[in-house]
Amino acid sequence: MMSDSKTSSPKNWRPATRLLHAGLERTEYGETSEALFLTSGFVYDNAEQAAKTFTGEISHYQYSRFANPTVAALERRLADLEGAEACVATSTGMGAVSSALLSQVKAGDRVVASRALFGSCHWIVANLLPQYGVETVFVDGGDLAAWDEAFSKPTAAVLLESPSNPMLDVLDLAAIAERAHKAGALVIVDNVFASPLYQKPLELGADVVVYSCTKHIDGQGRVLGGAVLGKEDWIKETLQPFVRNTGNALSPFNAWVMLKGLETLALRVEAMTRNAAAVADYLASAPGIVSVRYPGRKDHPQYDIAQRQMTGGGTMVAFEVEGGQDGAFAFMNALRLIAISNNLGDARSLVTHPATTTHMKIGAEERAKLGISEGAIRFSVGLEDSADLIDDLARGVAALAKG
Ligand SMILES: *Cc1c(COP(=O)(O)O)cnc(C)c1O
């Protein structure tokens, strides 16, 4: 069942408390941990109850594509943490992004997006939406005049991401949302990189927040999932019928794993953020490193905006090494602790070379516009001891000197 404000927890609870207790509904057995309802369907006491469930006269679970008690517990907790009226969980993060957009727009509409988007989000805006007769426009997210120009025509939806993948550009969410609303647009913010702990897009004027729960929320490399959060009427009338009828449902098992993930979200993200700050400082002083991007460092190009709208620098660092792709490959291949993987937000530290993996398909021209150089490496900083991470990065730095 969709979560709503009636189940939200006391207003004065801090996030770490909400992550454990918000939205908990115990069964008759009084279990400590949330129950896992691994069931596809539900039975009715009699035919009348089934009929009344379908007319909506009574509230009863029908089928797990529509709603499931374990998934509902996750939705309540996520809504509570975000300060959103309602939440719908989806099978993946891309399920969340695609459902938010496709449920909102129709042929003839216009969608504006910032250019610096996660690879599959970029594909949806660039390739999929035009196939259904939706006009799409990409904007350089840091250029407010470009947003103004894009919003000179009525717009159905805006999709943006801040900090962005992979170069951690920080966009002025409040300024963009204000402009978007004048054009009539629903403002959708992909908040994966900041996590629900460090940035509250709804308070900055966004209408909808989307997550890949695969990232920090599971955060231990186990399951895929997503979530869409927003106002109750939009979720109920626009998003939910789309999700239910197109089959973009989260598995109850994955929801349960994510509930366990939420219990330690604050602990993990805060420790990973401390590590990220430490490794960013190390890299900034290391030979062979051309530049380092970390929203918590004063030398980040949008440090002032990050300070204004984020309460932490986050768990991601981007850096560029000398020697282009050869340099980046030599650096990554020299690592023994930090693994090469395109996932992120994981307890284990992971690096990826965006130009040949996550951002390979968009082509060199688009990569140049996004500032993704051949020597750029994206680093998802994990929970290891920061001294061990720095020792490992030093192996990469040494490999650059040899190259
Ligand atoms: C991973 C990611 C997604 C997609 O999430 P999946 O769970 O992999 O489908 C969308 N946006 C951002 C910013 C991401 O990092």
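All values derive from a computational prediction rather than experimental measurement. Note that these values count all heavy atoms, side chains included, but never hydrogens, waters or copies made by symmetry. Whatever order the structure lists them in is the order used to number ligands and atoms, beginning at 1.
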> Among protein heavy atoms, which sits nearest to atom 11 (N) of ligand 1, and what does the distance come to when rounded to 0.1 Å?
Replying inline: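 Of every protein heavy atom, Asp190 OD2, 2.6 Å lies nearest to atom 11 (N) of ligand 1.
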
>> Could you identify the single nearest non-hydrogen protein atom to atom 15 (O) of ligand 1 and state the distance to 0.1 Å?
In response: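 Protein heavy atom with the smallest distance to atom 15 (O) of ligand 1: Lys215 NZ, 2.8 Å.
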
>> With nothing but distance in play, are any N or O atoms of Gly93 less than 3.5 Å from an N or O of ligand 1?
In response: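 For ligand 1, there is an N or O atom that lies under 3.5 Å from one belonging to Gly93.
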
> N/O of Met94 under 3.5 Å from N/O of ligand 1, yes or no?
Replying inline: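 Yes - when backbone and side-chain N and O of Met94 are compared with those of ligand 1, one distance drops under 3.5 Å.
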
>> Need the ligand 1 atom indices (1-based, order shown) with element for anything under 4.0 Å from a heavy-atom of Ser212.
In response: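 Those qualifying, in numeric order: 1 (C), 2 (C), 3 (C), 4 (C), 5 (O), 6 (P), 7 (O).
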
>> Which of the numbered atoms in ligand 1 are under 4.0 angstrom from any heavy atom belonging to Glu161?
In response: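 By the 4.0 Å cutoff, the relevant atoms are 13 (C).
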
>> Assess the residue pair Glu270 and Arg274 against the criterion (salt bridge (charged side-chain N to carboxylate O under 4.0 Å, His left out)); give the C-alpha distance rounded to whole Å, side-chain angles, the decisive distance to 0.1 Å, and a yes or no.
In response: CA-CA 6 Å; Glu270 283 162 18; Arg274 281 195 298 278; 5.2 Å; no

>> Under 6.0 Å between ring centres: does that hold for Phe331 and Phe319?
In response: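 Ring centroids of Phe331 and Phe319 are less than 6.0 Å from each other.
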
> Would a line drawn from the ring center of His60 to the ring center of Phe42 be shorter than 6.0 Å?
Replying inline: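 Ring centroids of His60 and Phe42 are no less than 6.0 Å from each other.
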
> Step by step, would you call Asp109 with Lys106 a salt bridge (charged side-chain N to carboxylate O under 4.0 Å, His left out)?
Replying inline: CA-CA 6 Å; Asp109 278 350; Lys106 58 184 186 314; 3.4 Å; yes

>> One pair to check against salt bridge (charged side-chain N to carboxylate O under 4.0 Å, His left out): Glu85 and Lys231. What are the steps and the verdict?
In response: CA-CA 5 Å; Glu85 287 178 13; Lys231 291 213 171 63; over 6 Å; no

> Looking only at heavy atoms of Leu344, does any of them come nearer than 4.0 Å to an atom of ligand 1?
Replying inline: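 The answer is yes: ligand 1 sits under 4.0 Å from a heavy atom of Leu344.
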
>> Counting only heavy atoms closer than 4.0 Å, does ligand 1 sit against the backbone of Asn165, its side chain, both, or neither?
In response: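 No part of Asn165 is near ligand 1 at this cut-off.
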
>> Less than 3.5 Å apart, any donor N or O on the side chain of His216 or Thr315 sitting next to an acceptor on the other?
In response: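 Checked: His216/Thr315 side chains pair up, N/O donor to acceptor below 3.5 Å.
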
